[in-house]
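What follows is a single structure, written as structure tokens, with notes after it.
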Amino acid sequence: MTDLSQDAAAPRTGPIRRILRDYGHELLVVAAIIALLIVVGAINPRFVSARNMTSVFSGNAYIAVAAIGMTMIIVTRNIDLSVGALIGVLATVSGTLAVSGAPIWVAWVAPILCGALINAVTGLLVAYAGIPSIVVTLGMMAILQGGLISVTGGAWISDLPPEFLLAKMKVLGLPMPLVWAVALTVLAAAWMRLTPYGRSLYLIGGNAEAARAVGIPVRRRIVEVFMIHGAFAGLATLLFATQLQVIQSTTPPNLELLIITAAVIGGVSILGGTGTVIGASLAAVLFAAIGSALIFVNVSAYWLRAFIGVLILVTVLFDVMRRRRETRQKGH
């Protein structure tokens, strides 16, 4: 896991130790993915076929994209429980525009802008009203879920125009969702690590008072981060809503759990201040691979939820233990 707020004070180390220090958790997730592919591939070779791998990873790329924004939120020591409901609402908005005859680019841009605007309200309540983000987003989740069902009745949006189906397109022979997930992860990782703005998010999550002391507008930045997260939810919506030729006007079940878990398992501390979007995206890949692997070894897919629950508890436990150890070392 990466704690950029401490980089300046860190002693000089060799390149390998520095990589392990900064990206050890991410490398652990990569190792888990490789081990899963080897073990399950040996049991059932069809699991590692190019067709299955492409289907699994491209079909779940939207979770990785949404986890990028969630990473930024958790790094600032906040949380968003409404992201699943938000994606459901944005998918309905986008699909409705597409079938109503609006230009396709409008149907694509609308969820990004709407996501940012809706989350701006959430950010304002968290930053300026002082309401904990878990409370605000829980309330927002109920509003979005209830409003969506009340307005649409859960009806399906069908007859989507073929040109709307972005997730079915390819770039240089590669599925568009994979291209988007990789490109957005790389760009977001570079932005968070190399720019003063991105690095300030870690300082806000690690020590908000210190951030204020050095002139960082903490409240405004929290609102901005929620808006950025909403925009990423909109981008994820495009990949989610354009996979099939129909959209069900409901919120995807347990989607927020998958997105939050991807960030946490990817190395983002639930206590704020540490983590990378690379780890979150890799964890999303791991979950997608596990879900497919269970099918190929004839195990109920419901075990994935139990496995994710165990991973959350273990990861948070180790994170708390690490924090306590660092606190004791600073005390000495």
Side-chain angles (χ1 to χ4, degrees), residues 59-95 110-127 131-149 177 180-181 184-185 188 192 201 205 222-243 247-266 268 270 272 275 277 279-281 283-284 287-288 305 308 312:
N60 291 274
Y62 70 95
I63 296 176
V65 173
I68 294 173
M70 184 62 71
T71 295
M72 298 177 188
I73 291 293
I74 299 178
V75 160
T76 61
R77 209 166 189 173
N78 288 290
I79 195 75
D80 182 8
L81 301 179
S82 67
V83 64
L86 179 61
I87 289 176
V89 170
L90 297 179
T92 301
V93 169
S94 184
I112 301 173
L113 295 178
C114 290
L117 290 174
I118 291 172
N119 267 18
V121 176
T122 301
L124 287 169
L125 291 173
V126 172
I131 307 174
S133 59
I134 190 171
V135 176
V136 175
T137 57
L138 185 62
M140 187 63 73
M141 178 176 68
I143 292 171
L144 293 173
Q145 288 178 339
L148 182 60
I149 293 297
W180 274 39
L184 291 171
T185 298
M192 289 188 72
L201 304 184
I222 288 175
V223 176
E224 293 168 350
V225 169
F226 268 97
M227 293 180 68
I228 294 170
H229 168 49
F232 271 101
L235 290 168
T237 296
L238 292 181
L239 302 181
F240 169 74
T242 60
Q243 296 183 93
I247 299 174
Q248 188 173 3
S249 300
T250 56
T251 58
N254 301 313
L255 181 55
E256 61 281 339
L257 175 63
L258 278 176
I259 295 169
I260 293 171
T261 304
V264 174
I265 301 304
V268 184
I270 201 70
V277 297
S281 293
F287 295 160
R305 296 183 185 179
I308 288 175
I312 292 175

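Bear in mind that the values here come from a model prediction, so they are computed numbers and not experimental data.
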- Task: Drop me the distance from I259's CD1 to L81's CG, to the nearest 0.5 angstrom.
- Result: 11.5 Å

- Not counting sequence neighbours, which residues clear side chain to side chain contact (heavy atoms under 4.5 Å, CB included) with I112? List them please. A231, L235, L238

- Query: Of all residues at least two apart in sequence or in a different chain, which pass the side chain to side chain contact (heavy atoms under 4.5 Å, CB included) check with S281?
  - Reply: A64, I68, T185

- Could you tell me whether the side chain of T261 reaches within less than 4.5 Å of the side chain of F287, counting heavy atoms only? yes

- Task: Search all heavy atoms of V126 against all heavy atoms of S133 and return the closest pair with its distance.
- Result: CG2-CA, 3.7 Å

- Note on the structure: Rounded to the nearest 0.5 Å, the OG atom of S82 sits from the CD1 atom of I143 at a distance of 9.5 Å

- Note on the structure: Contacts of V89 meeting side chain to side chain contact (heavy atoms under 4.5 Å, CB included) (sequence neighbours excluded), chain-then-number -> V93, L144, L148

- Non-hydrogen atoms of V223 and A120 that approach each other most closely: CG1-O, 4.2 Å

- Query: Rounded to the nearest 0.5 Å, how far does CD1 of I79 lie from CD1 of I73?
  - Reply: 9.0 Å

- Distance col, row C114:SG vs L86:CG, nearest 0.5 angstrom, shows 9.5 Å

- By side-chain hydrogen bond (donor to acceptor under 3.5 Å, both in side chains) - contacts of T76 (at least two apart): N78

- Task: Indicate the atoms forming the closest heavy-atom contact of T71 with A263, along with that distance.
- Result: OG1-CB, 3.9 Å

- Message: Please enumerate all residues that pass side chain to side chain contact (heavy atoms under 4.5 Å, CB included) together with A283, with sequence neighbours excluded.
- Response: A262, I265

- L255 and V83, any side-chain heavy atoms less than 4.5 Å apart: no

- Item | Atom pair OG1/CD1 of T137 and I131 - distance to nearest 0.5 Å | 11.0 Å

- Note on the structure: Across all chains, not counting sequence neighbours, the ring pair (Phe, Tyr, Trp, His ring centres under 6.0 Å) partners of F226 are none

- Report, as yes or no, whether the 6.0 Å neighbourhood of atom CD1 on I149 holds more than 12 heavy atoms from other residues, nucleotides or ligands. yes

- What residues, two or more places apart in sequence or in another chain, satisfy ring pair (Phe, Tyr, Trp, His ring centres under 6.0 Å) together with F232? none

- Query: To the nearest 0.5 Å, how far apart are CG in L201 and CD in E224?
  - Reply: 9.5 Å

- Scan for side chain to side chain donor-acceptor pair (under 3.5 Å) pairs involving residues 225-239, sequence neighbours excluded, and state none if there are none. D80-H229

- Indicate the atoms forming the closest heavy-atom contact of G115 with L90, along with that distance. N-CD2, 3.7 Å

